[in-house]
Amino acid sequence: MGRYFGTDGFRGEANKTLTADHAYKVGRFLGWYYGELKKHSGSDEPARFVIGKDTRRSSYMFEYTLVAGLTASGAEANLLHVTTTPSVAYITKVDGFDCGIMISASHNPFYDNGIKIINQKGHKLEAEVEANIEDYIDGKLDVFGRKWDEIPFAKKEKIGRTVDYISGRNRYIAYLISLGIYSFRGIKVGLDCANGSSWNIAKAVFDALGAKTYVINAEPDGLNINENAGSTHIEVLAKYVVENGLDVGFAYDGDADRCLCVDEKGNIVTGDHILYICSKYMKERGMLKNNTVVTTVMSNFGLYKAFDELGIDYAKTAVGDKYVYEYMMKNNNRIGGEQSGHIIFSKYATTGDGILTSLKLMEVMLAKKQPMSKLHEGFVFYPQVLENVRVSDKATAQSDAGVKAAVEKAKEALGDSGRILVRESGTEPVVRVMVEASSEEICQTYVDSVVEVIKQKGYTI
């Protein structure tokens with residue numbers, strides 16, 4: 001990870017870790033850098049950017065400061081307004097923009113925010129360009145064969161402009177609707193929009209496909225994004241589905257790049273369940289390229305046991321949908337994702353897309369004419385305990401000899417009947433300690449044994 005950019009962009013508390021000045025400088029650099037790339041290729045056209053944002057109060061501040069930086073460097077800024085991260089990736093690619101920018105901190109609370117940058121192929125921005133942005137912020141930029149004390153401002157007719165691009169969001173909605181190969185007529189569907197980006201998109205898609213749509217948490221006020229809502233509080237939707245007799249429910253996060261599901265009985269369908277359901281369906285219909293599903297090291301033991309029984313191969317990457325997608329592109333895989341609900345269908349999208357994921361689950365339900373509870377029966381989820389420990393220094397805490405010894409001791413005790421995984425968050429000052437075993441009590445015992453050492457060593461904050 002870089003000085004400012006983590007696994008999912010530049011993220012932090014608004015005007016504390018990530019400030020309006022940071023956003024302005026990101027815009028200044030990107031507008032100038034992509035303009036220079038065009039000049040080097042013989043084009044005098046301005047660089048073109050497309051920008052989306054979620055519903056956080058600070059998203060408007062960051063949108064305006066990014067636009068100021070972009071236009072000051074001569075770029076054109078096209079605004080999608082409140083929209084989802086996958087919509088920005090889609091429009092960046094299909095409409096030929098030089099770069100896409102999403103302002104969001106995903107599942108984080110309202111006071112955090114982030115800047116996610118997407119390249120013209122709809123992928124996460126290359127690490128070397130992120131490093132150049134960080135160098136510019138720190139005043140030590142060295143690019144295009146020279147050092148820059150400051151980059152030039154655009155002058156006169158070269159100053160950039162801002163364009164309303166709401167039509168792009170509407171085309172993305174139409175694209176999602178086009179992927180629904182079955183009518184949803186007669187199906188009662190619950191949607192939890194987390195008071196975030198999907199609030200004015202998801203219902204339109206399900207309504208167009210004929211569902212009887214029930215929506216909760218679709219009244220954003222700038223402060224309530226993810227608050228007791230969405231995929232990080234799936235229990236809210238589970239209760240709603242059961243109380244209203246719905247057939248299925250889908251919960252998104254703040255920027256709608258992830259989706260979790262609830263079956264008609266109120267059972268939680270995690271990202272691992274979704275990988276199981278969809279990959280099994282794809283294999284049955286000859287659509288599972290290379291017979292392989294791409295997972296992360298956080299996927300559940302039970303998922304791999306289920307795959308073994310189905311004869312499906314699997315790969316494991318580091319945590320982060322960018323790593324899943326990189327592996328999928330390199331190895332030509334069709335499906336991959338995370339337990340948290342970032343699911344990538346590479347035939348249809350370049351990033352995790354919560355609404356797309358819910359549409360693919362609906363497709364399986366309708367094609368197999370089975371309720372959601374029946375579709376995940378073959379997957380037995382191993383008990384899992386995950387504790388997030390806020391620490392002063394993630395790397396130092398993980399490399400401490402005492403902490404490492406506690407982890408090794410837990411590994412030996414668990415043997416082949418479970419596992420322990422200790423890793424640092426890519427977006428927060430957190431070390432995650434996770435144990436899977438035959439019972440929750442065993443899991444908790446070994447999680448506690450490691451967390452206690454981290455605390456005794458004085459790393460917690």
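Fair warning: this is a prediction, and the values are worked out from it, not measured in the lab.
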Quiz item: Does a side-chain N-to-carboxylate-O contact under 4.0 Å join Lys265 and Asp263?
Solution: no
Quiz prompt | Taking every non-hydrogen atom, the tightest pair across Cys193 and Ala202 | solution = SG-CB, 4.3 Å
Practice problem: For Asn388 and Arg432, indicate whether the former's side chain and the latter's backbone hold a donor-acceptor pair under 3.5 Å. | Solution: no
Quiz item: Quick one: does Leu414's side chain get under 4.5 Å of Ile442's, heavy atoms only?
Solution: yes
Quiz item: To the nearest 0.5 Å, how far apart are CG in Leu366 and CD1 in Ile181?
Solution: 9.0 Å
Exercise. Report yes if the side chains of His123 and Tyr325 come closer than 4.5 Å at any heavy-atom pair, otherwise no.
Key: yes
Quiz item: For the atom pair NZ (Lys93) and OG1 (Thr350), what is the distance rounded to the nearest 0.5 Å?
Solution: 6.0 Å
Practice problem: Taking all heavy atoms of Asp321 and all of Gly352, pick out the closest pair and write down the distance. | Solution: OD2-N, 4.1 Å
Exercise. Determine, stepwise, if the pair Ser358 / Tyr252 fulfils side chain to side chain donor-acceptor pair (under 3.5 Å).
Key: CA-CA 9 Å; Ser358 54; Tyr252 311 116; 3.0 Å; yes
Practice problem: Evaluate side chain to side chain contact (heavy atoms under 4.5 Å, CB included) for Leu80 paired with Val88, printing each intermediate quantity in order. | Solution: CA-CA 8 Å; Leu80 293 171; Val88 176; 3.9 Å; yes
Exercise. Take Tyr172 and Asp353 through the side chain to side chain donor-acceptor pair (under 3.5 Å) test and state the conclusion after the steps.
Key: CA-CA 12 Å; Tyr172 167 73; Asp353 186 329; 2.6 Å; yes
Quiz item: For the atom pair SG (Cys278) and CD1 (Ile335), what is the distance rounded to the nearest 0.5 Å?
Solution: 5.0 Å
Quiz item: Would you say the side-chain atoms of Lys394 pair up with the backbone N or O of Ser425, donor to acceptor, closer than 3.5 Å?
Solution: yes
Quiz prompt | Worked check of side chain to side chain contact (heavy atoms under 4.5 Å, CB included) between Tyr382 and Cys443 | solution = CA-CA 10 Å; Tyr382 265 54; Cys443 293; over 6 Å; no
Quiz item: Quick one: does NZ or CZ of Arg56 land under 6.0 Å from the six-membered ring centre of Phe110, within 45 degrees of the ring axis?
Solution: no
Quiz item: Do Ile117 and Ile115 have side-chain heavy atoms sitting under 4.5 Å apart?
Solution: yes
Quiz item: Quick check, are the ring centers of Tyr90 and Tyr175 under 6.0 angstrom apart?
Solution: yes
Quiz item: Quick one: do Glu284 and Lys368 make a salt bridge, cutoff under 4.0 Å?
Solution: yes
Self-check item: Asn291-Lys283 side chain donor-acceptor pair, cut-off 3.5 Å
Solution: yes
Self-check item: Exercise: do Ser373 and Glu264 side chains pair donor with acceptor under 3.5 Å
Solution: yes
Quiz item: Do you see a donor-acceptor pair shorter than 3.5 Å between the side chains of Thr295 and Tyr304?
Solution: yes
Practice problem: For a side chain to side chain donor-acceptor pair (under 3.5 Å) with Asn300, tell me which candidate from His273, Lys305, Glu436 qualifies. | Solution: Glu436
Quiz item: Between CG of Leu260 and NE2 of His233, what distance do you get to the nearest 0.5 Å?
Solution: 12.0 Å
Quiz item: So, the side chain of Asp192 versus the backbone of Ala194: is there a donor-acceptor pair under 3.5 Å, distance only?
Solution: yes
Practice problem: Decide side chain to side chain contact (heavy atoms under 4.5 Å, CB included) for His342 and Thr351; before the verdict, give the C-alpha distance in whole Å, the side-chain angles of both, and the deciding distance to 0.1 Å. | Solution: CA-CA 8 Å; His342 282 121; Thr351 185; over 6 Å; no
Practice problem: Say whether Asp253 and Ser231, considering side chains only, have a donor N or O and an acceptor N or O under 3.5 Å apart. | Solution: no
Quiz item: Would you say the side-chain atoms of Ser197 pair up with the backbone N or O of Thr83, donor to acceptor, closer than 3.5 Å?
Solution: yes
Practice problem: Check whether any side-chain heavy atom of Phe206 lies under 4.5 Å from a side-chain heavy atom of Phe250, and answer yes or no. | Solution: yes
Quiz item: Is a donor on one side and an acceptor on the other found under 3.5 Å between the side chain of Asn331 and the backbone of Tyr327?
Solution: yes
Quiz item: Between Asp164 and Ile166, is there a donor-acceptor pair closer than 3.5 Å when you use the side chain of the first and the backbone of the second?
Solution: yes
Quiz prompt | Greater than 12 external heavy atoms within 6.0 Å of Arg185's CZ | solution = no
Quiz item: Looking at side-chain heavy atoms only, is the closest gap between Arg57 and Leu223 below 4.5 Å?
Solution: yes
Quiz item: Does one side chain, of Thr232 or Asn226, offer a donor that lies under 3.5 Å from an acceptor on the other?
Solution: no
Exercise. Answer with yes or no whether the side chains of Tyr281 and Glu363 bring together a donor and an acceptor at under 3.5 Å.
Key: yes
Exercise. Please examine the side chains of Ile274 and Val269, heavy atoms only from C-beta on, and report whether any two atoms are closer than 4.5 Å.
Key: yes
Exercise. Using modelled atom types only, decide if a donor and an acceptor are shared between the side chain of Thr292 and the backbone of Asn290 within a distance under 3.5 Å.
Key: yes
Practice problem: Compute whether any side-chain donor of one residue and acceptor of the other, for Asp207 and Thr213, lie under 3.5 angstrom apart. | Solution: yes
Quiz item: Can we say Lys116 and Asp257 salt-bridge, meaning some charged N sits less than 4.0 Å from an Asp/Glu carboxylate O?
Solution: yes
Quiz item: Does Gly196 offer a backbone N or O that forms a donor-acceptor pair with the side chain of Asn224 under 3.5 Å?
Solution: no
Exercise. For the residue pair Asp393 and Tyr459, confirm or rule out a side-chain donor-acceptor distance under 3.5 Å.
Key: no
Quiz item: Between Asp247 and Lys188, does at least one N-O distance fall below 4.0 Å, as a salt bridge requires?
Solution: no
Exercise. Examine the side chains of His107 and Arg258 and answer whether a donor and an acceptor come within less than 3.5 Å of each other.
Key: yes
Practice problem: Could you tell me whether a side-chain N or O of Glu134 sits under 3.5 Å from a main-chain N or O of Arg3, the two making a donor and an acceptor? | Solution: yes
Self-check item: Between Asp95 and Tyr165, a side-chain donor and acceptor under 3.5 Å
Solution: yes
Self-check item: Any Glu326 side-chain heavy atom under 4.5 Å of Thr317 side chain
Solution: no
Quiz item: If you draw the axis of the six-membered ring of Tyr60, does the NZ or CZ of Lys53 fall within 45° of it and under 6.0 Å from the ring centre?
Solution: yes
Quiz item: Got a second to check how far Thr19's OG1 is from Phe62's CZ, nearest 0.5 Å?
Solution: 7.0 Å
Quiz prompt | Lys/Arg-Asp/Glu bridge criterion (N-O < 4.0 Å) met for Glu452, Lys455 | solution = no
Quiz item: Are any non-hydrogen side-chain atoms of Tyr323 and Thr296 less than 4.5 angstrom apart?
Solution: no
Exercise. Indicate whether the side chain of Glu219 and that of Asn195 have a donor and an acceptor atom separated by less than 3.5 Å.
Key: no
Quiz item: Would you say Thr445's side chain and Glu441's backbone share a donor-acceptor pair under 3.5 angstrom?
Solution: yes
Quiz item: Are any of the side-chain nitrogens in Lys239 or Glu235 under 4.0 Å away from the carboxylate oxygens of its partner?
Solution: no
Quiz item: So, Thr84 versus Asp255: side-chain donor-acceptor pair below 3.5 Å or not?
Solution: no
Quiz prompt | Heavy-atom closest contact (Met298 atom, Gln339 atom, distance) | solution = O-NE2, 3.2 Å
Self-check item: Check against side chain to side chain contact (heavy atoms under 4.5 Å, CB included), Ile118 and Leu125
Solution: CA-CA 5 Å; Ile118 298 163; Leu125 188 66; over 6 Å; no
Exercise. Go through the side-chain N and O atoms of Tyr276 and His376 and say whether any donor and acceptor fall under 3.5 Å apart.
Key: no
Quiz item: Which heavy-atom pair separates Val294 from Leu275 by the least distance, and what is that distance?
Solution: O-CD1, 4.5 Å
Exercise. Taking the six-membered ring for Trp and the single ring otherwise, decide whether the centroids of Phe10 and His22 are under 6.0 Å apart.
Key: yes
